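All values derive from a computational prediction rather than experimental measurement.
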Amino acid sequence: MDRFGGILFGFSTALQPDNLLFVLAGCLLGTLIGVLPGIGPVAAISILLPLTFPLEPAGAIIMLAGVYYGVMYGGSTTSILVNVPGETAAVVTCLDGYQLARQGRAGPALGIAAFSSFIAGTLGLIGLQLVAAPLARVALRFGPPEYFAVITLGFVFVTCLSRGSRIKAAIMAFVGLLLSGVGLDPITSEQRMTLGVQQLFEGIGVAPLAMGLFGVAEVFRKLAGPASGDAPQAPIKNLLPTRDDWMRAKGAILRGTGLGFFLGMLPGGGPVIASFAAYGVETWAAKDPERLGSGAIEGVAAPEAANNAAAAASFIPLLTLGIPPNPVLAVLFGAFLIHGIVPGPLLIRDHPDLFWGIVASMYLGNVLLLILNLPLIPLWVRVLRIPGDLLYPLVLLFCVVGAYGINNSVFDVGVMLLFGGAGYLLNRKGYPGPPLILAFVLGPLWEVNLRRSLLVSQGDVSFFFTRPIALGIIACAALIATVPLYRAYRRWPRLLRKNSR
Amino acid sequence: MAHRGRGWAAIIAVGLCMAGPLRDAAPAAAAYPDRPITLLVGFAPGGSMDLSARALAAAVKRAAGIALLVENKPGGTGTVALSALLGQRPDGYTLCATPSSVLIRVPQLQQVPFRPLKSFRPLIGFSAPHLGILVRSDAPWKTLGGLVQEAAAHPGTVKYATTGVGSTTHAAVEEVAARAKARMIHVPYKGGNEALMALLGGHVDFAALTSEFIPSLKAGELRLLATMGEKRSAKFPDVPTLREAGYDFVNDAVFAVVAPRDLPGAIAVKLEQTFAAAVENREYREQLDRIDLAPVSYDGRSLAEFLRTNWGKINARLVAGGLINKAATPPD
Amino acid sequence: MPRSGSARNRDLGDCALWLVLAALFCIASLRLGVGPLRSPGPGFIPFWAGLGLAVCAGILAVSRPGAPRHAGRRQPAAGEARPLGRLVVVAGLAAYCLALERIGYPVATFGLMLLLFGRGNMRPWVAVGAALVASAASYGLFAQLLKTPLPRGMFGF
């Protein structure tokens, strides 16, 4: 069966009434989970997993997959409205999305998020359908040095990611790197900086950290302000993206899709890293980087496109190699096994109905999600009219439950509140949060791959320069790093003059 | 302002009155079990520990009509759930399903709040992962002996991946290497999937893996050189065990259920019997096979013995490998 | 630039904090073992990251506060009106964390929401109602619909 015959065949499976119902149920539930902060796709899918045991395999997998990409759609909503990332892949969406909402442009932000999710999701699926197997092989060629190179590139973007003081951004990045080191050593399993606290063995959770640093810090800021003097929201201008928004966003959507697709396929990658990287690329690609972070529509479009493309692409290694590249797919892997189906190279041969049915259902799901999400926008925008005295305690409540729900542990709630306080103070002092969270997310991958590379090469650093892919990426990183350095060099005398005045 | 203050006072008073009677609602004693039993799992849902615990819960429900509710408490490489069990009343309503490694290897590498061989009452060992040493199918080595010979002839060139430092898989390779006096480069990965990917991508020469290798093996991309059990695996009858391959040792891991130490004898007996009957269930065995696990059946006593002997074995290996001087947590 | 003097002093305070943090991490890393390049130890990355932090903090300390392009952008324009209120919120949240697993989710959450709503300009009975609805609704959504095992306390719910 060729790829096009296959997809038609897949639609015949996916369009069966009960499967259609499962797509819808999965998408709805995913959107809900995405909107609720804290609880992410892993928790959601694993909670649902036991409920799918009695279902047909196709229906079960279709629904669980629907939850996954539904979360990617829903996650941006609270990021934009109240600066609380709905789940980790939507952390970067806070940066510009929330600023847009404060300018009364929550509608266009939500709209562009939905459209770019749809476009990227669909393009990602086309990629999955056409080039899945060969691409998965390419991804396997990615060894420790290549990872190290890619993540180094990500760190270079940190410098671009920051607004305000570069040196404060660098400080935040190092703090993020240090915090990411807390927990068991990824190579030797020794305890590091855990102070003997058992809950820290597996490190500080990224979701509580991000929710604290962004959402809870914002709530604290509001609660600490004058009781009634809630800064008047700018009047709501329009509900859908304007022509101008589209012109600005289209490049970002395509770049985000491409990057997200590639990073989603890599083991250990996935939507979270994809969204960060896409935002980094935007700051670099923008003609006027200053706009990013102060309410640029591309700052919403790129990460939202990237996380959806990554979600679609992350099915590739699972379906073609039988290897889940990230924790969500690992749970889905379990779902396959429970139903007696082994995902992997033989899946498309042994269960073509299932393989193509899943792909087709994801096309349907993306359409459904767009249809579902657009009418919700006016409703969401209305959330902003809730008085602050009522809204912010409620936001805090949802953060608390969400943080608890990640590991069913009060410890995570405490971590979130602690970082909420820290984020509030850092904000007041002009330290930017994004570099911290980026370094925190990328740090462990960077470390483990650097150390693995050195182990494999027995300490020979030239290793990185003998592998063409790694060398290419490192060269890119060097190039990108030197551009702002060069700019800074040219600006330096001017700055010195200004300061000595 | 004064008016508001009075309003609050009234509310607090009402609240206190309502909270009073609630305190005395203590549950009456009845025949065990009169309500669902919570089964803590120290890992996230969807992994093999979680799936097999859920399979066990379903089997218990079928065999004895007793409801076991799986509650995931992931964290601390599985130690958070066991520590949570420590604080529970020993009434048989809270149990914990855990891989044996969390009672053996993890406490030796990290300090944990429980005494692995003393704080709990082992009830049953109910399933086990397949363990094996694998190469890519295009690799030149057809037997484990050939691979080890090559490693011995060229020290420091053969690279291998495992599921982590001090894991059962790592311990097995180290043991083989020590016996053959071969020096190989260990590249530890986090869990079986990452290690499998490193092997498939050709970043290491061979790998010691848990059940994750089965799909790729079935697809003909890998070659299984040896399994690590006592006997040949029923799933791979053509593959020799380590012992048959000339390395006289067995390397086992088992998924177990434990209760707080002071569990009353009658309840412990009841639970052991219930579990023993449940694992004989045919549907349970089919389900295990689907998630690529092997059924085992250790009763409480033999499980305790298993833990004790393996504590000593793993301890010796970790010390010999220079990873620890002595166990981070005392066993009892 | 009216802020140079005071801004500089404020940054110096931060720098001291970062230096202490960096020192703590570096010392801990050295104890863990930085290891040779051939096989880097657990302290390898934290050590260099700590060093990097220290260097950056040093640069921040000696550099004059230039014209920060966006500093203060996020600071509230109005003054901090309720210093005591902030303390109450922090204390309330700390108490909530400690109490959550003892008295159970619904009761603890009701208390917290009552505190937070009560700080606003709501009438007491409205605040109680809102707190009741919020805690009950969130319990229903998470514990019942999404099956999150929220903590049950001594009251059995």
Side-chain angles (χ1 to χ4, degrees), chain A residues 33 39 43-44 47 163-165 167-168 170-171 174-175 177-178 181 185 187-188 190 192-193 220-221 223-229 231 290 388-390 392-394 396-398 400-401 404-405 408 410 413-414 417 421 427-431 443 447 450-451 454-455 458-459 461 495 498-499, chain C residues 10 14 18 21 25 28 32 36-42 44-46 49-50 52-53 56-57 59-60 63-64 66-72 74-78 80-82 85-86 89-90 93 96-97 100-101 109 112-113 116-117 119-122 130 134 138 142 146-151:
Chain A
I33 301 283
I39 298 189
I47 289 162
R163 302 161 47 75
S165 162
I167 194 76
K168 284 184 174 175
I171 287 178
F174 279 116
V175 171
L177 195 58
L178 286 173
D185 178 86
I187 300 275
T188 63
E190 282 169 76
R192 288 200 302 200
M193 336 298 182
F220 283 171
R221 204 172 68 76
L223 289 179
S228 55
E290 295 292 305
D389 281 346
L390 189 63
Y392 287 100
L394 285 178
L396 190 62
L397 171 65
F398 277 98
V400 166
V401 198
Y404 181 84
N408 303 330
V410 177
V413 181
L417 294 174
N427 228 330
R428 283 171 50 114
K429 291 263 182 179
Y431 290 92
E447 164 172 21
L450 172 61
R451 285 172 61 188
L454 291 172
L455 267 177
Q458 293 289 286
V461 189
L495 277 176
K498 203 190 269 173
N499 285 333
Chain C
R10 261 207 320 217
D14 304 350
W18 298 132
L21 193 72
F25 268 95
L32 283 166
L37 207 54
R38 182 167 47 80
S39 119
F44 186 72
I45 296 281
L53 177 61
C56 285
I59 296 176
L60 184 64
S63 73
R64 292 170 151 269
R69 281 169 293 170
H70 295 278
R74 287 181 176 167
Q75 286 177 17
E80 307 301 336
R82 296 182 296 184
R86 244 184 291 170
V89 172
V90 170
L93 286 170
Y96 179 76
C97 283
L100 189 57
E101 293 205 314
T109 306
L112 178 70
M113 296 320 285
L116 293 176
F117 286 143
R119 294 178 69 257
N121 283 344
M122 279 185 234
S138 61
F142 283 91
L146 297 176
K147 310 265 184 256
T148 307
L150 291 173

Quick one: sort the A/Y431 and C/W18 rings into parallel, tilted or perpendicular, breaks at 30° and 60°. perpendicular
Out of C/G52, C/A49, C/P42, C/G50, return the one with the most heavy atom pairs under 4.5 angstrom to chain A. C/P42
Quick one: of C/P36, C/G41, C/A134, who has the most non-hydrogen atom pairs under 4.5 Å with chain A? C/G41
Under a 4.5 Å heavy-atom cut-off, does chain C meet the side chain of A/L455, its backbone, both or neither? both
For C/F25, which atoms come within 4.5 Å of any heavy atom of chain A: side chain, backbone, both, or neither? both
Minimum heavy-atom distance A/V413-A/V400, with the two atoms named: CG2-O, 3.7 Å
Evaluate the side-chain proximity of A/F220 to A/N427: yes if any heavy-atom separation is below 4.5 Å, no if none is. no
So C/L32 and C/F44, do their side chains get closer than 4.5 Å, heavy atoms only? no
Options A/L177, A/L417, A/V401, ranked by heavy-atom pairs under 4.5 Å with chain C, top entry: A/V401
Of the listed residues (A/L178, A/I33, A/V410, A/N408), which shares the most heavy-atom pairs with chain C below a 4.5 Å separation? A/L178
List the steps and the verdict of side-chain contact (heavy atoms from CB on, under 4.5 Å) for C/L93 and A/L396. CA-CA 10 Å; C/L93 286 170; A/L396 190 62; 3.9 Å; yes
